[in-house]
Amino acid sequence: MIVLGIESSCDDTAAAIVENGRIVLSSVVSSQDKIHARYGGVVPELASRSHIEAIVPVVDEALVRAGLTLKDIQAIAVTQGPGLVGCLLIGLSFAKSLAYVRGLPLVGVNHIESHPYAAFLAEKGEDKEAPSFPFVALIVSGGHTTLLYLEDYTKYRILGQTLDDSAGEAFDKVAKLLGLGYPGGAAIDRLARQGDARSVAFPRPLLGKGNLDFSFSGLKTAVLTHVKALGGPPAEAHLKDIAASFQEAVIDALVTKGLWAAREAGVKNLVVAGGVASNSRFRAALAEAAETEGLKLFIPPPKYCTDNAAMVAALGTRLLEKGFSAGPDLNALPTWEGF
Ligand code: KG4
Ligand code: ZN
């Protein structure tokens, strides 16, 4: 089955064409980073308008790159939520119209739930092992820091999540206060490579607790307090140390709880996905920890860690196979609780 995936939940307009829920024939992402950078965060109204402009060219590009036309598309999967309602509605309206005009099956997908399915994707001709159920997924993005136990494509349980900021939000806020621009995760990643992660002893939030929840807002405040105490902007070398020390504190919490969750759930497969999973130090720390723990680790390549439509098509395909489908009344669900 050849499925067109559409994603517009936040600030990326994305379309992808995926065969049999696995082989990526094309994946196109139009980022709005430049539009929102000057505001230091996503401006919902600007994001919606930008999705309207981008959606048709992005879908067109996905078809061209796959060497296909609309006649080859057999079904459409679209992000239904969670996300910014105005943004979700653009993708949904487009997907519903296209499905109606072409008489195609349509399915709505939960964006957060779809992140781990990026680990099932492979390029044409690539021989890649996929995770096997049941598995634990750690989803670390700008919007969420969530541990899921996935039994099947349709059955999952939330094991833990952040009580305040997401890990990605912490990266972005700390980057902003260090003057590194928006979004700042990748900038901290680069800077931290040259810093000493043991330089500043930032707190490891909730690590003392035996539960699987996270908290990152105290850590962000600790960085702010540290910078303020310097009495002026940090020197270049110290900036690198702050970035490395902050990053290590986030990674410590994520890796520790990811392993705890897998142990507690009794699974051997751990999937880590979401934008922050493209962090180079996080990937290395996870690989090391998984090996020690005897876990099989699946982290998608960075391009499928950040928001994309291939993961939406991947999960959408399985949902369609299981008989799920939607009609023209498919509506946006801005919060997870709505699902
Ligand atoms: O999954 P994603 O693209 O969008 C959401 O669903 O939120 O994640 C975006 C987040 C941002 O907070 C960004 O700063 C962070 O992922 N991010 C990174 C890196 N690349 C992106 N954080 C740390 N290191 C990176 N290399
Ligand atoms: Zn996401």
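As the structure lists them, so they are numbered: ligands from 1, and atoms in each ligand from 1.
The proximity of Asp189 to ligand 1, defined as any non-hydrogen pair under 4.0 Å, is limited to the side chain. Of the heavy atoms in His144, none comes closer than 4.0 Å to ligand 1. Looking at Asp172 against ligand 1, only its side chain comes within 4.0 Å, counting heavy atoms.
Ligand 1 has a nitrogen or oxygen under 3.5 angstrom from a nitrogen or oxygen of Gly275. For the pair Ser278 and ligand 1, the shortest N or O to N or O distance falls below 3.5 Å. Any N or O atom pair closer than 3.5 Å counts here, and Asn279 shares at least one such pair with ligand 1. The distance criterion of under 3.5 Å between nitrogen or oxygen atoms is met by Asp307 with respect to ligand 1.
Listed by number with element, the atoms of ligand 1 under 4.0 Å from a non-hydrogen atom of Gly143 are 7 (O). Using a 4.0 Å cut-off to heavy atoms of His111, the atoms of ligand 1 that qualify are 6 (O). Close contacts of ligand 1 with His115, meaning ligand atoms under 4.0 Å from a residue heavy atom, involve 1 (O), 6 (O). Using a 4.0 Å cut-off to heavy atoms of Gly168, the atoms of ligand 1 that qualify are 12 (O). Residue Gly142 has at least one heavy-atom neighbour below 4.0 Å for each of these atoms of ligand 1: 5 (C), 7 (O), 8 (O), 9 (C), 10 (C), 12 (O).
Remark: Lys176 does not engage Asp172 in a salt bridge, criterion side-chain N to carboxylate O under 4.0 Å. Under the 4.0 Å criterion applied to side-chain N and carboxylate O atoms, Glu53 and Arg49 are not assigned as salt-bridge partners. Between Lys296 and Glu129 there is a salt bridge, since a side-chain N of the basic residue sits under 4.0 Å from a carboxylate O of the acidic one. A salt bridge links Lys322 with Asp152: the closest approach of a Lys/Arg side-chain nitrogen to an acidic carboxylate oxygen falls below 4.0 angstrom.
Cys10 does not count as a contact of ligand 1, since none of its heavy atoms falls under 4.0 Å from the ligand.
Of the possible donor and acceptor atoms, none in the side chain of Glu7 sits under 3.5 Å from a partner among the backbone N and O of Val312.
Distance check for Cys10 against the Zn ion (ligand 2): none of its N/O/S atoms falls below 2.8 Å.
No more than 12 heavy atoms of other residues, nucleotides or ligands shown are found within 6.0 angstrom of OH on Tyr100. Within 6.0 Å of CZ on Phe324 lie no more than 12 heavy atoms contributed by other residues, nucleotides or ligands. The environment of Glu123 atom CD is dense: over 12 non-hydrogen atoms of other residues, nucleotides or ligands sit within 6.0 angstrom.
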**Prompt:** Does the pair Phe171 and Phe216 meet the rule for a ring pair (Phe, Tyr, Trp, His ring centres under 6.0 Å), with working shown?
**Reply:** CA-CA 9 Å; Phe171 266 98; Phe216 294 107; 8.7 Å; no
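For atom 22 (N) of ligand 1, the closest non-hydrogen atom of the protein is Gly185 CA, 3.4 Å.
With Tyr149 as the aromatic partner, Arg157 meets the cation-pi criteria of under 6.0 angstrom to the ring centre and within 45 degrees of the ring axis.
The N, O or S atom of His115 with the smallest distance to the Zn ion (ligand 2) is NE2. Distances from the Zn ion (ligand 2) to the N/O/S atoms of Asp307 are shortest for OD1.
Donor-acceptor pairing under 3.5 Å is recorded for the side chains of His115 and Asp307.
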